[in-house]
Amino acid sequence: MGLIVESRFQPASSGLAVVTLAGDLDVASAAQLRGHLAALIGDGADHLILDFSHVGFVDSNGLSVLAGVHRLLRPSRQPGPDDRGGRASAGDRARADGQTPRADGQARADGQARADGQARADGQARADDQGRRAGTLAVAAVNQHVRHVLRNTGFTRIIPIYPSVETAIVVHQAGRAGPPEKGGTAPAGAGP
């Protein structure tokens with residue numbers, strides 16, 4: 001089964017996009033999701049909630065997309081388990097060349113995204129001193145099988161998992177989005 005990807009910006013939250021996925025996130029669909037998320041980030045989304053309520057399977061290619069987007073959105077001041085020990089990625093090299101980074105590590109030739117630390121029209125800076133966007137990635141409505149994969153691969157330590165999209169939005173709007181608690185569940189008090 002292919003992957004269907006739909007997204008919408010949340011009008012009350014500047015820079016927040018909810019991305020609904022349906023199907024399997026695997027070798028056949030990872031590039032599609034990577035491209036979609038890169039386009040969203042290029043259009044100004046710096047906080048992403050991925051709705052996994054209709055995702056039945058995730059493989060290492062799908063996990064790679066999640067790790068890449070998390071790395072792109074995480075400020076460099078917060079070291080994480082995905083740090084590369086000082087090696088520059090393709091995205092880091094692209095920033096050094098003055099190009100705008102994408103979620104897939106490639107540089108955008110059109111320079112549309114504001115990942116250079118400049119303020120956007122809404123007055124919010126979008127990057128840290130290393131050129132990484134200061135944003136968040138969260139996953140919501142994950143089934144037991146996918147949750148098991150995320151937990152066993154360590155993703156629940158770096159990407160918060162919420163029971164529903166609505167809960168993830170509430171947490172984001174309240175400004176409580178932070179590192180996930182042990183076990184990869186929503187922070188205490190995050191529920192409606």
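FYI, the numbering just counts along the sequence from 1. Note that the structure is predicted; figures quoted are calculated from it, not measured.
- In this view, Asn61 and Asp59 satisfy the side-chain hydrogen bond (donor to acceptor under 3.5 Å, both in side chains) rule, not counting sequence neighbours.
- A distance of 10.0 Å separates OG in Ser29 from CZ in Arg34, rounded to the nearest 0.5 Å.
- Each of Ile41, Thr136, Leu16 was checked for a side-chain contact (heavy atoms from CB on, under 4.5 Å) with Leu48, and the lone residue meeting it is Ile41.
- In this structure the side chain of Asp26 reaches within 4.5 angstrom of the side chain of Phe57, judged on heavy atoms.
- You'll find the side chain of Val19 stays beyond 4.5 Å of the side chain of Glu6, heavy atoms only.
- The number of heavy atoms from other shown groups lying within 6.0 Å of NE2 (His145) is above 12.
- No donor-acceptor contact under 3.5 angstrom links the side chains of His54 and Thr20, judged on distance only.
- Of all the heavy atoms in Ala168 and Tyr162, the pair that sits closest is CB-CD1, 3.6 Å.
- Legend: residues meeting side-chain contact (heavy atoms from CB on, under 4.5 Å) with Ser53, ordered by chain and number and at least two apart, are Asp51, Ala141.
- Taking all atoms of both residues into account, the shortest heavy-atom contact from Val165 to Ala140 is N-CB, 3.7 Å.
- For Asn143 (side chain) and Val55 (main-chain N/O), a donor-acceptor pair under 3.5 Å exists by modelled atom type.
- Shown are Leu137, Leu150, Leu50, Val69; of these, the side-chain contact (heavy atoms from CB on, under 4.5 Å) with Ile159 is made only by Leu137.
- Taking all atoms of both residues into account, the shortest heavy-atom contact from Ala45 to Phe9 is CB-CE2, 3.5 Å.
- Remark: Ile158 CD1 to His70 NE2 distance equals 4.5 Å, nearest 0.5 Å.
- Here His47 contributes atom NE2 and Gln173 contributes atom CD; the two are 11.5 Å apart, rounded to the nearest 0.5 Å.
- Thr153 places a side-chain N or O within donor-acceptor distance of the main-chain N or O of Val149, the cut-off being under 3.5 Å.
- Atom CG of Leu21 is separated from atom CD of Gln32 by 9.0 Å, given to the nearest 0.5 angstrom.
- Looking at heavy atoms from C-beta onward, Phe52 lies in side-chain contact with Leu25 at the 4.5 angstrom threshold.
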